[in-house]
Novice: 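This is the structure I want to talk about, given as structure tokens.
Quick note: residue numbers are just sequence positions, from 1.
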Amino acid sequence: MFKKNRHGIQLKSAAQVEKMRAAGLVVARTLELLRTTVQPGMTPLDLDVVAEEAIRNEGAIPSFKGYQGFPATICASVNDEVVHGIPTDRRKLREGDIISIDCGAILDGWHGDSAITVGIGAVDPALTELMRVTEEAMWRGIAALRVGGHLSDIGFQVERYVRSQGRYGIPQEYGGHGIGTEMHMDPWVANHGRPGRGPRFEAGMCFAIEPMVNLGTDRTRVLDDDWTVVTIDGRPSAHFEHSVAVTEDGPLVLTALDGGASRFPRAEAGVTPETGDTTP
């Protein structure tokens, strides 16, 4: 049995957070390898093979493979694919594409989960900006993970930042989640909403924070493979994610190589935790 708070959210001890950090670093190193490996002419399946080998070489297990029937190690979502894209060899990546790579690993029974979006070669400036906005929105959400804050503060900060940057779509039905001894645990973490609502953050809580932002509408649909989510209007989407632990000293980013230290000054610069105000 693992400790939970009164809302049923799993609470980790400091030692258990360290185990999650170890799992998170497997994911971080795997995604960094994929970031530097991907190039025009490769297929999403090529990346999946690299990812599985990297994870298993570290003594970990791919957490996506076989999860509810998912057939691969990573989710590889290209251009208008929002999330849950199945990597296959049916298409080759081309200069100007963007690909969202979602990766998970289990080490010693604990899960790490993270995602990046990468441009293939030179990409349209609008796509570069889409990726920047999505990643920064993630960091704004992470910065809200302070003891005593509320769950809805995450989505509030994500949405507020995205809305301040232009006319982007935020899919309402997809978001983050608790993480620990399972990949997906309570609670669900929205990427939108009002601040100051829901359970209060306590040290030992761990969440996967993952905004998905579309260049056009927020509306999506699921393809016939029952996994791949695409935008209704066919315009591109970006996705970034980190697994994060709430600590007395602030958020510890379990799936960042530096624990998030290099990003927090920038991510927190416009956040006033007491009011939820954000200055773009």
Side-chain angles (χ1 to χ4, degrees), residues 16-78 81 83-94 97-121 131 134-135 138 176-177 179-184 206 208-210 212 227-228 238-245 252-263:
Q16 290 168 338
V17 169
E18 283 303 309
K19 287 182 178 291
M20 288 197 64
R21 174 73 170 136
L25 284 172
V26 172
V27 175
R29 288 189 287 265
T30 301
L31 283 175
E32 189 57 33
L33 173 63
L34 296 176
R35 185 199 302 274
T36 58
T37 299
V38 63
Q39 59 183 318
M42 295 186 74
T43 70
L45 186 59
D46 293 331
L47 296 175
D48 191 74
V49 171
V50 172
E52 181 167 4
E53 181 179 11
I55 290 169
R56 294 194 186 277
N57 282 347
E58 296 216 39
I61 300 168
S63 50
F64 293 2
K65 196 165 190 176
Y67 178 77
Q68 296 184 359
F70 192 77
T73 292
I74 60 172
C75 296
S77 306
V78 181
E81 296 172 351
V83 283
H84 305 158
I86 298 174
T88 71
D89 60 2
R90 290 197 295 271
R91 77 160 85 180
K92 291 185 177 181
L93 298 171
R94 299 178 299 178
D97 286 343
I98 62 172
I99 181 170
S100 298
I101 307 169
D102 195 350
C103 180
I106 310 166
L107 186 66
D108 198 22
W110 296 92
H111 288 257
D113 188 8
S114 184
I116 57 174
T117 302
V118 182
I120 310 301
M131 291 186 286
T134 308
E135 185 173 17
M138 175 191 66
H177 49 88
I179 187 169
T181 52
E182 299 173 32
M183 180 167 59
H184 292 132
C206 295
I209 311 302
E210 52 177 319
M212 288 138 271
W227 281 104
T228 309
H239 176 205
F240 284 86
E241 176 184 16
H242 271 310
S243 298
V244 188
L252 170 64
V253 185
L254 303 166
T255 47
L257 293 174
D258 67 350
S262 65
R263 292 298 302 258

Novice: Roughly how far apart are Cys75 SG and Ile101 CD1, rounded to 0.5 Å?
Specialist: 11.0 Å

Novice: Is the closest side-chain donor-acceptor distance between Thr255 and His242 under 3.5 Å?
Specialist: yes

Novice: Hey, could you give me the CG/OG1 distance between Asp102 and Thr73, rounded to the nearest 0.5 Å?
Specialist: 12.0 Å

Novice: So, taking the atom named CD1 in Ile120 and the one named CG in Leu93, what distance separates them when rounded to the nearest 0.5 Å?
Specialist: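 Reported to 0.5 Å precision, the distance equals 5.0 Å.
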
Novice: So Val17 and Leu254, side chain to side chain contact (heavy atoms under 4.5 Å, CB included) or not? Walk me through it.
Specialist: CA-CA 8 Å; Val17 169; Leu254 303 166; 4.1 Å; yes

Novice: Output, in order, the C-alpha distance, side-chain angles, deciding distance and verdict of side chain to side chain contact (heavy atoms under 4.5 Å, CB included) for Ser100 and Val78.
Specialist: CA-CA 6 Å; Ser100 298; Val78 181; over 6 Å; no

Novice: Using the salt bridge (charged side-chain N to carboxylate O under 4.0 Å, His left out) criterion, which residues pair with Glu241? Sequence neighbours excluded.
Specialist: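 So Glu241 forms no salt bridge (charged side-chain N to carboxylate O under 4.0 Å, His left out) with any residue.
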
Novice: Check whether Thr36 reaches the backbone of Glu32 with its side chain - one donor and one acceptor, N or O, closer than 3.5 Å.
Specialist: yes

Novice: Indicate yes or no for a side-chain donor-acceptor contact from Ser63 to the backbone of Gly104 under 3.5 Å, with no hydrogens or angles considered.
Specialist: yes

Novice: I need the minimum non-hydrogen distance between Pro44 and Pro87, along with the two atoms involved.
Specialist: O-CB, 3.5 Å

Novice: Quick one: does any side-chain atom of Asn57 pair with a main-chain N or O of Glu53 as donor and acceptor, under 3.5 Å?
Specialist: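 Yes.
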
Novice: Can you see which heavy atom on Ser114 is nearest to which on Val27, and at what distance?
Specialist: CB-CG1, 3.7 Å

Novice: Check the pair Leu257, Leu25 against side chain to side chain contact (heavy atoms under 4.5 Å, CB included), reporting the backbone distance first and the verdict last.
Specialist: CA-CA 6 Å; Leu257 293 174; Leu25 284 172; 4.2 Å; yes

Novice: So that I can tick it off, tell me whether Glu18 and Arg21 are bridged by a salt bridge, with the cut-off set at under 4.0 angstrom between side-chain N and carboxylate O.
Specialist: no

Novice: Do the side chains of Glu210 and His239 get nearer than 4.5 Å, heavy atoms only?
Specialist: yes

Novice: Ignoring hydrogens, what is the shortest heavy-atom contact between Trp110 and Gln16? Give both atom names and the distance.
Specialist: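 Nearest heavy atoms, Trp110 then Gln16: CZ2-CG, 3.6 Å.
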
Novice: How far does CD1 of Ile106 sit from OH of Tyr67, to the nearest 0.5 angstrom?
Specialist: 10.5 Å

Novice: Listed by chain and number, what are the salt bridge (charged side-chain N to carboxylate O under 4.0 Å, His left out) partners of Lys65, not counting sequence neighbours?
Specialist: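 With sequence neighbours excluded, Lys65 shows a salt bridge (charged side-chain N to carboxylate O under 4.0 Å, His left out) to Glu52, given in chain and number order.
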
Novice: One pair to check against side chain to side chain contact (heavy atoms under 4.5 Å, CB included): Met42 and Leu47. What are the steps and the verdict?
Specialist: CA-CA 8 Å; Met42 295 186 74; Leu47 296 175; 3.8 Å; yes

Novice: A quick test of your reading: do over 12 heavy atoms of other residues, nucleotides or ligands sit less than 6.0 Å from CZ of Arg56?
Specialist: yes

Novice: Please find the pair of heavy atoms, one from Leu31 and one from Ala115, that lie closest to each other, and give the distance.
Specialist: CD1-N, 4.0 Å

Novice: Can you list the steps and then say if Glu182 with His111 is a side chain to side chain donor-acceptor pair (under 3.5 Å)?
Specialist: CA-CA 6 Å; Glu182 299 173 32; His111 288 257; over 6 Å; no

Novice: Give me the atom names and distance for the closest heavy-atom approach of Ile98 to Gly119.
Specialist: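 Nearest heavy atoms, Ile98 then Gly119: CG2-CA, 4.1 Å.
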
Novice: Would you mind reporting whether Met212 and Phe240 have side-chain heavy atoms less than 4.5 Å apart?
Specialist: no

Novice: Can you give me the closest heavy-atom contact between Thr30 and Cys103, atom names plus distance?
Specialist: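 Minimum heavy-atom contact is CG2-SG, 4.0 Å.
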
Novice: Any chance you could measure Thr117, atom OG1, to Arg35, atom CZ, to the nearest 0.5 Å?
Specialist: 9.5 Å

Novice: Is it true that His84 and Phe70 have ring centroids separated by less than 6.0 Å?
Specialist: no

Novice: Could you tell me whether the side chains of His177 and Asp113 share a donor-acceptor contact shorter than 3.5 Å?
Specialist: yes

Novice: Starting at CD1 of Ile179, measure out to OG of Ser243 and round the result to the nearest 0.5 Å.
Specialist: 3.5 Å

